[in-house]
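What follows is a short report on a single structure.
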Amino acid sequence: MTFTIATPMLDFFLPYIQKALSSAGIDTDKPIRVEQPSDKKFGDFSTNIALLAARECKRNPRDLALEIIRYLDFPPDTISRVEVAGAGFINFYLAPLFIMRSVEQVLHDGDNYGKGSAGKGKRANVEYVSANPTGPLTIGRGRGGVLGDCIANLFETQGYEVTREYYFNDAGRQMQILGESVQLRYLEKCGKKPEFPATHYQGEYIGEIAEKIYSAHGSTLEECADLTLFRKSAENIIFDSIRKTLHRLGIRHDSFFNEHTLYSPDAAGVAPNQRVINELRQKEFIAEYDGATWFLTTKLGQEKDKVLIKSSGEPSYRLPDIAYHITKFERGFDMIVNVFGADHIDEYPDVIEALKILGYDTGRIKIAINQFVTTTIDGQTLKMSTRKGNADLLDDLIDDVGADATRLFFIMRGKDSHLNFDVELAKKQSKENPVFYLQYAHARICSLLRMALQEAGFEPATCEEHHLLRELSSPAELQLGFALLDYPDMVKTSLRLLEPQKMVEYLHSLAELFHRFYQECPILKADADICKARLFLSIATRQVLRNGFRILGVSAPESM
RNA sequence: GUGCCCGUAGCUCAAUGGAUAGAGCAUCAGCCUUCUAAGCUGAGGGUUACUGGUUCGAGUCCAGUCGGGCGCACCA
């Protein structure tokens with residue numbers, strides 16, 4: 001009797017429940033949902049289908065549940081017990097053999113354990129960071145960057161071909177102001193005292209860029225009215241610094257999409273921006289008044305129309321945004337994900353509406369908005385988004401706490417929650433710091449295996465002995481094994497919710513279960529077969545930790 | 001004023017409409033002659049901001065109130 005362990009686990013139950021329902025002659029359109037009860041005494045898994053179906057069957061939920069379980073027919077050695085409890089829940093208990101066989105599956109699948117095929121042959125575009133090159137990255141941007149990177153990783157686990165994209169504009173008004181800011185600082189280097197407007201970029205980095213220009217050109221540019229050199233220099237230097245900062249966090253983009261390409265005619269001789277206007281006009285959602293061109297969002301129930309082309313003749317940011325998203329459809333992406341901060345909350349509904357009017361399948365678009373970041377230093381909370389000066393630079397934070405802690409802290413809270421980044425905690429090298437707690441579990445396993453090799457000559461390559469795992473039966477072992485079998489579901493859940501935080505929590509509980517197992521079950525001192533089995537269980541745990549760490553972009557140290 | 005997010009243990013946060021609301025930290029009490037004590041075990045701690053509603057069942061959904069955050073440009 002051999003069969004492949006079904007992962008994710010939740011899918012395992014569905015066909016059997018379905019069959020039991022039809023055998024029992026129960027006809028319901030209610031969805032069959034299998035969940036893990038919060039308390040183990042209600043089983044490893046449970047379903048509430050009897051509760052849901054009771055009403056339309058006009059039957060008592062408990063009786064219905066009893067009826068259903070009579071027809072449940074699981075393969076041998078999979079489910080050890082099925083019971084009806086509470087108001088009509090059906091609870092399932094996994095057979096120990098089933099759990100340990102799934103641990104064998106982890107060892108067999110290795111780096112591929114937890115991967116799925118739902119996205120096979122599909123392409124996903126994940127856009128994140130997308131900061132214009134007007135200044136170094138701030139901490140607030142970091143959260144979205146790490147969130148986006150993790151989401152991209154999650155899509156990859158399901159077989160999607162992922163393009164990580166960075167959308168930027170190096171031609172707009174902000175860049176003009178940037179150029180002027182640098183020029184003014186440059187003139188100061190030349191000994192002049194120009195007025196520096198409050199609307200311009202105040203950061204120290206502007207002076208540093210001006211300094212570089214000054215040392216390269218001396219004061220020969222003093223009379224230069226053309227901003228291009230100042231703007232271009234600033235752009236190059238700043239973009240370079242942004243990429244360097246992202247690189248430190250392991251964030252890389254495959255595609256840098258320059259907004260400016262939307263202003264130039266395409267193969268058909270029409271600029272994408274203009275095409276949006278033309279097509280929206282055809283749908284009668286465009287009007288000109290007050291010297292500007294408007295998107296008639298009042299026809300969609302909004303309070304005000306939105307400007308697409310300003311009276312100056314320049315497009316407002318909304319227009320290229322729409323055109324940009326059209327390119328994502330035209331480039332053939334099946335899944336389009338936008339990650340951005342709460343300050344852009346009002347940005348996307350107009351884009352979605354426009355795309356809908358133009359007939360695009362906006363169901364493919366997923367938006368992940370992250371709330372803002374505050375930091376706590378010495379118990380004092382500082383709001384980073386508005387803070388001036390160096391302290392809110394992402395680079396400084398990475399210097400302070402390291403890349404792993406930076407990444408993990410950014411995603412260990414739900415993206416809808418305001419994030420309180422406790423800098424002191426992130427630096428701590430102890431259990432209180434979740435980064436260290438997770439990594440320590442991995443390092444501990446590595447250390448254990450080194451010891452096993454040294455003292456017992458244990459070679460983990462002996463996979464024909466994996467069946468020894470079936471000898472394990474203590475609660476600590478079974479709970480750990482059960483957690484391992486849960487991993488593929490956690491990956492899918494994290495992806496569905498666009499919420500890597502779920503993965504962080506899962507890995508934390510996995511680490512905890514391993515530490516308990518380690519505490520309760522002697523490994524190297526056990527009898528040979530048990531020793532091997534426990535080492536296999538440890539190796540499987542290490543594998544899942546690694547796979548999870550890879551999604552989160554956190555390193556897996558071999559020793560600490 | 002209005003749109004979106006949040007309000008859960010002293011603190012930071014969990015909880016696909018399910019069963020007695022859970023973790024971690026902090027506090028207190030235990031566990032190293034033994035594979036990393038960077039760890040483990042246990043205890044205390046709650047009117048889920050408030051008021052109504054929907055239902056077999058609400059922290060979760062709906063309406064309203066109060067509090068906090070972010071937006072609400074012919075800036076991006």
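Chain identifiers are assigned alphabetically (A, B, ...) following the order of the sequence lines, protein sequences preceding nucleic acid strands; residue numbering begins at 1 within each chain.
When both distances must be under 3.5 Å, the Watson-Crick or G-U wobble mate of C61(B) is G53(B). When Watson-Crick and G-U wobble pairs are counted only if both distances are under 3.5 Å, U12(B) pairs with A23(B). Remark: C35(B) base-pairs with no nucleotide; criterion is Watson-Crick or G-U wobble with both hydrogen-bond distances under 3.5 Å. Nucleotide G3(B) forms a pair with C70(B), judged by Watson-Crick or G-U wobble geometry with both contacts under 3.5 Å. Base pairing annotation: U41(B) forms a Watson-Crick or G-U wobble pair with A29(B), both donor-acceptor distances under 3.5 Å.
Comparing U47(B) with G22(B), their P atoms are spaced 15 Å from each other, to the whole Å. Separation of the C1' atoms belonging to A9(B) and U51(B) is 24 Å when rounded to the nearest angstrom. Rounded to whole Å, the separation between the C1' atoms of A21(B) and G7(B) comes to 16 Å. Atom P of C28(B) sits at a distance of 41 Å from the matching atom of G52(B), rounded to the whole Å. Spacing between C74(B) and U12(B) at atom P, rounded to whole Å, works out to 38 Å. The gap from the P atom of C50(B) to that of C11(B) amounts to 15 Å, rounded to the nearest Å. U20(B) and A58(B) have their P atoms separated by 11 Å, given to the nearest Å. A distance of about 10 Å separates the C1' atoms of U27(B) and G45(B), rounded to the whole Å.
Taking only side-chain nitrogens and oxygens, Arg413(A) never comes nearer than 4.0 Å to OP1 or OP2 of A14(B). Proximity of Tyr518(A) to the phosphate of U34(B): no side-chain N or O atom is located under 4.0 Å from OP1 or OP2. At the phosphate of C75(B), OP1 or OP2 sits under 4.0 Å from a side-chain N or O atom of Lys310(A). Here Ser311(A) does not reach the OP1 or OP2 of C74(B): none of its side-chain N or O atoms lies under 4.0 Å away. Close to A14(B), at under 4.0 Å from its OP1 or OP2, lies a side-chain N or O of Gln501(A). Contact annotation: Ser509(A) side-chain N/O to G24(B) OP1/OP2 distance is not under 4.0 Å. Between Lys306(A) and C75(B) there is no side-chain N or O to OP1 or OP2 distance below 4.0 Å.
In this structure, Tyr437(A) does not count as stacked on the base of A38(B) under the 5.5 Å centre distance and 30° plane angle limits.
Neither side chain, Tyr437(A) nor Glu512(A), offers a donor N or O lying under 3.5 Å from an acceptor on the other. A donor and an acceptor atom, one from each side chain of Gln36(A) and Asp489(A), are nowhere located under 3.5 Å apart.
Classification of the His344(A)-Phe340(A) ring pair by plane angle, with boundaries at 30° and 60°, yields tilted. Ring planes of Tyr440(A) and His515(A): parallel class, angle under 30° (limits at 30 and 60°).
For Asn420(A), whose side chain is taken as the heavy atoms from C-beta onward, the closest listed nucleotide among U16(B), C35(B), C13(B) is C13(B).
Contact annotation for Gln439(A): no contact, since no heavy-atom pair falls under 4.0 Å across all strands. Gly414(A) comes within contact range of the sugar-phosphate backbone alone, with a heavy-atom separation under 4.0 Å but no base atom that close. Heavy atoms of Glu259(A) sit under 4.0 angstrom from primed sugar atoms or phosphate atoms, though from no base atom. Residue contacts for Asp416(A): at a heavy-atom cut-off of 4.0 Å it reaches the sugar-phosphate backbone alone, with no base atom in range. Nucleic acid contact for Leu51(A): base, since at least one base atom lies under 4.0 Å from a heavy atom of the residue.
Heavy atoms only, all atoms of each residue included: Arg546(A) and Ala556(A) are closest at CG-CB, 4.2 Å. Annotation for Arg534(A) and Pro522(A): closest pair NH1-O, 2.6 Å, computed over non-hydrogen atoms.
Between Glu314(A) and Arg173(A), no side-chain nitrogen of the basic residue sits less than 4.0 Å from a carboxylate oxygen of the acidic one, so the salt-bridge criterion is not met.
Place Pro315(A) and Ser559(A) on RNA chain B by their nearest nucleotides, and Ser559(A) ends up nearer the 5' end.
In terms of polar N and O atoms assigned as donor or acceptor, the side chain of Lys502(A) never comes within less than 3.5 Å of the base of U16(B) in a complementary pairing.
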